[in-house]
Amino acid sequence: MTRTMRLGTTTRTTTRAAALGALVIALAAGCSGADDAGSPADGDSDTSTSEDSGASDTGGAAADDGSASDGGSASDAGSVTDGSASDAGGSGDAGGEAGTSDPAGAPLPEDADLATEQLAISAEDAVSIAVETAGGGETESVSIDHDDDHGWTWEIEVRTDGQEHDLDIDATTGEVLEHDQERDRVEDPAVDVTSPMTPQQAIEIALQEREGRVSGWELDADDGALRYQIELETSGDDDVEIDVDVETGDVRIDD
């Protein structure tokens, strides 16, 4: 009888030890599953956790593949360096350059000096607009002046088959303000604001003779010779007109 009880005790002890071992294995397996499934140590690189599946693969976090340098964060997707102001039309180069080069920007003031300040619509642009509006032809005269009603205005004459077109063009917007036509039998030589002398070159020659603010100029034919008439406003508020021969560069001053 005593022998049987010892055997039963041994059996129960073995069974209990096996159960305890199974519990330990189960607990170990559970901990291993937790580490593999979602722990910061292993699961981030293997499963869809916040760093790899959510942030690094879609471009939102600053870890492995979705960091600021690779995944579309501050430096690539929308920062001031690459993606926002510079590339996406923000407050950097794109927006700033568009504002300064826009022909419809702020007009020059009445007292602007044409020797140092540029009109939004250049002389060459204004001539192109005038010729296109007239339907072709040759340019007979070009002048720029400040108008009380329209501000800085180009006045251009274009000749087409005996028909003279007088056009006023807004020097800020390029809008054709007036377009008059009349028959004209007198044909003056055609002028060219790009050759053999540009307006800026004529202004520089004129300023070598007198100092002052360039308040306007005109290019046309005078007694068969092409001349620039540069209008200067001197320190004494006296207006001086300096003629510059296009071909020779000779100067004539009309006080």
Worksheet item: Quick one: CG on D149 to CG on L177, what's the gap to the nearest 0.5 Å?
Response: 10.0 Å
Discussion item. Which heavy atom of D245 sits nearest to which heavy atom of M197, and what is that distance?
Written reply: O-CE, 3.6 Å
Discussion item. For the CD atom of E211 and the CD atom of E233, what is their distance to the nearest 0.5 Å?
Written reply: 14.5 Å
Fill in: Inter-residue atom distance R213.CZ - T234.OG1, 0.5 Å rounding
11.0 Å
Worksheet entry | Step-by-step side-chain contact (heavy atoms from CB on, under 4.5 Å) determination, W154 to L119 | CA-CA 10 Å; W154 292 104; L119 296 161; 3.8 Å; yes
Discussion item. I need the full list of salt bridge (charged side-chain N to carboxylate O under 4.0 Å, His left out) pairs touching residues 164-183, with sequence neighbours left out, sorted by first then second residue.
Written reply: none
Discussion item. Using every non-hydrogen atom in the two residues, find where I156 and A130 come nearest and quote the distance to one decimal.
Written reply: CG2-CB, 3.7 Å
Per-pair distances, 0.1 Å, donor-acceptor, side chain in residues 109-117, under 3.5 Å, sequence neighbours excluded:
residue, atom, partner, partner atom, Å
D113, OD1, A115, N, 3.0
D113, OD1, V214, N, 2.9
T116, OG1, D113, O, 3.4
E117, OE2, D113, N, 3.3

Worksheet entry | Any donor-acceptor pair under 3.5 Å from T133 side chain to V131 backbone | no
Practice prompt. Could you grab the distance from atom CG of D243 to atom CD of E209, nearest 0.5 Å is fine?
Written response: 11.5 Å
Worksheet item: Is any NZ, NE, NH1 or NH2 atom of the basic residue among R252 and D222 found under 4.0 Å from an Asp or Glu carboxylate oxygen of the other?
Response: yes
Fill in: Value rounded to 0.5 Å, distance of CG in L219 from CD1 in I144
13.0 Å
Item to complete: Please indicate whether Q200 has more than 12 foreign heavy atoms, meaning atoms of other residues, nucleotides or ligands, lying under 6.0 Å from its CD.
Response: yes
Worksheet item: Is there a donor-acceptor pair under 3.5 Å between the side chain of R159 and the backbone N or O of D188?
Response: yes
Discussion item. For P196 versus E247, what's the shortest heavy-atom pair and its separation?
Written reply: CG-OE2, 4.0 Å
Worksheet item: Is the closest side-chain donor-acceptor distance between D192 and S195 under 3.5 Å?
Response: no
Practice prompt. Considering non-hydrogen atoms only, spot the tightest contact between I230 and W217 and give its length.
Written response: CD1-CB, 3.7 Å
Practice prompt. Report yes or no: does Q163 contribute a side-chain atom to a donor-acceptor pair with the main-chain N or O of T160 at less than 3.5 Å?
Written response: no
